[in-house]
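Notes for the one structure printed next.
Owing to the predicted nature of the structure, the values given are computational and were not obtained by experimental measurement. Letters A, B, ... mirror the listed sequences (proteins, then strands); counts begin at 1.
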2 protein chains.
Amino acid sequence: MTYTQLPTPKAEVSTQRLLKGETLFYQGDHTAAIFIVITGRIRLLRHLADGNAIPLYFANDGETFSEAALFSDVYHCDAIAEKNTEIEIHPKKALLDAFAVNPDLAMTFMAHLARQVINLRSRLEIRNIRSAEERVIQFLKLEISDPGNSITFASPLKDIAASIGLSHEAFYRVLSTLEREGKIVREGRKIGLVG
Amino acid sequence: MTYTQLPTPKAEVSTQRLLKGETLFYQGDHTAAIFIVITGRIRLLRHLADGNAIPLYFANDGETFSEAALFSDVYHCDAIAEKNTEIEIHPKKALLDAFAVNPDLAMTFMAHLARQVINLRSRLEIRNIRSAEERVIQFLKLEISDPGNSITFASPLKDIAASIGLSHEAFYRVLSTLEREGKIVREGRKIGLVG
DNA sequence: TGTAGAATATGACTGAAATCATATTTTAAA
DNA sequence: TTTAAAATATGATTTCAGTCATATTCTACA
């Protein structure tokens, strides 16, 4: 899907495997790196003063997380593997050094962040659409707009459902309906918009 | 609320007033600047190949938008004033030049983007909470966690309601309930968490 | 290749938030 | 200061997505 590439010198990048449930870092830990999920899922969890914890985000395949570590001495949340997960480790120092030596790389990373901002904003706006059917249609339009007139999802449809804030049942139902109405065509996870 | 500051040289920054309904730029226009909403609201709207348009985001007081203009030759959406709006204009060239001359400024902007990514992710995650009451509580905890034990909202509560994906009626009701149950205290737009 | 677990799928029912209606209060504007 | 518009508030009703249940594919992997 979205290929994420950080401008870290290759020699400085390493990978790590986390077992389901394993913690990558704790809130308050000294920041050492920013990360990319290769496969799996990382749950980011913030602890509040009152002892409660709030899930901040789930980082899935291809996504970066803890980018703000670059600008902070400590992590502001826990990072825990939701399932067996492989991650890429980009040491903070290596990245910052790279930026200092080559400002172009800084601009590259900046662009990466800007793209994420846009992407997250549109995902937020999708959530404002109340009707499940309409939400799915708009989501598909957004996803498909660039490439062509169809998209093949890499992740299970039930995960797609979650990402747009629908129960998987509701999502399956909407897809069935849209297909029956001739608004989309499907072949497994390949979905095409008609009209 | 969130003070947004871009590292543009003061002399290069200008402001502009837009009347309700006025367009700041169109999708496909050559990119010239990135913007901050001082007061008002800007609707970002993407046009699709099929003639439809999707609302991408609403930028409110203090928010930046079109950051990605720095890395693109054309705007990827329309920007239209939802109401009378005053904006700050930060010319793209001035910003890029500033980054080139002083890499620290690039890092500052990068940090600004990283904060936004975090903020947007947590706003997304809030939406995953189904129960209106629980969603409001978690939202308040997030907003209040830093400053102290209460927060005074600058914008109308009905706008807060929209930002967390609730109808204003539902939001008012939840606030009433929480107050009755002694879980929050209120004075107009000042809301404090108890416990 | 067989098997367990996950993903896909669909029906029935429920509940909680949206919607509609309306009133009061606050704010802004004339 | 008066007035109009927006925000706050709450009740009644409806709707639609969630939940629960269950069945049928897939898919990974032993």
Could you give the CG-to-P distance, from Leu166(B) to dT19(C), as a whole number of Å? 12 Å
For His90(B) and Thr64(B), test the side chains for any donor-to-acceptor distance below 3.5 angstrom and give the result as yes or no. no
Can you sort out which residues in residues 124-137 of chain A have a heavy atom within less than 4.0 Å of DNA chain D? Ascending by number, please. Arg130(A), Ser131(A), Ala132(A)
When rounded to whole Å, the NZ to P distance for the pair Lys158(A) and dT27(D) reads 15 Å
For Asp73(B) and His30(B), test the side chains for any donor-to-acceptor distance below 3.5 angstrom and give the result as yes or no. no
Choosing from dA7(C), dA18(C), dT8(D), which nucleotide comes nearest the side chain of Leu157(B)? dT8(D)
Does a salt bridge link Glu67(A) with Arg121(B), judged by any charged N lying under 4.0 Å from a carboxylate O? yes
Between Asn119(A) and Gln116(A), is any side-chain donor less than 3.5 angstrom from a side-chain acceptor? no
dT19(C) P sits how many Å from His168(B) NE2, rounded? 9 Å
Distance flag, aromatic centroids of His168(B) and Phe171(B), threshold under 6.0 Å: no
Give the ring-plane orientation class for Tyr75(A) versus Phe25(A), where under 30° counts as parallel, over 60° as perpendicular and anything between as tilted. parallel
Before accepting this row, confirm whether a basic side-chain N of the pair Lys183(B)/Glu133(B) lies closer than 4.0 Å to the acidic partner's carboxylate O. yes
In whole angstroms, how far is the C1' atom of dT8(C) from the CZ atom of Phe153(A)? 15 Å
Round to a whole Å and report the spacing from NZ of Lys83(B) to C1' of dA29(C). 16 Å
Once you round it to whole Å, what is the distance between C1' of dA6(C) and CZ of Arg41(A)? 13 Å
Mind running a 4.0 Å heavy-atom check of residues 170-193 of chain B against DNA chain C and sending the residues that fall below it, in number order? Ala170(B), Arg173(B)
Do the charged groups of Asp159(B) and Arg41(B) touch, with an N to O distance under 4.0 Å? yes
In terms of side-chain heavy atoms of Glu169(B), which of dC20(C), dT8(D), dT8(C) is nearest? dC20(C)
Do Glu187(B) and Thr152(B) pair up side chain to side chain, a donor and an acceptor below 3.5 Å, judged on atom types alone? no
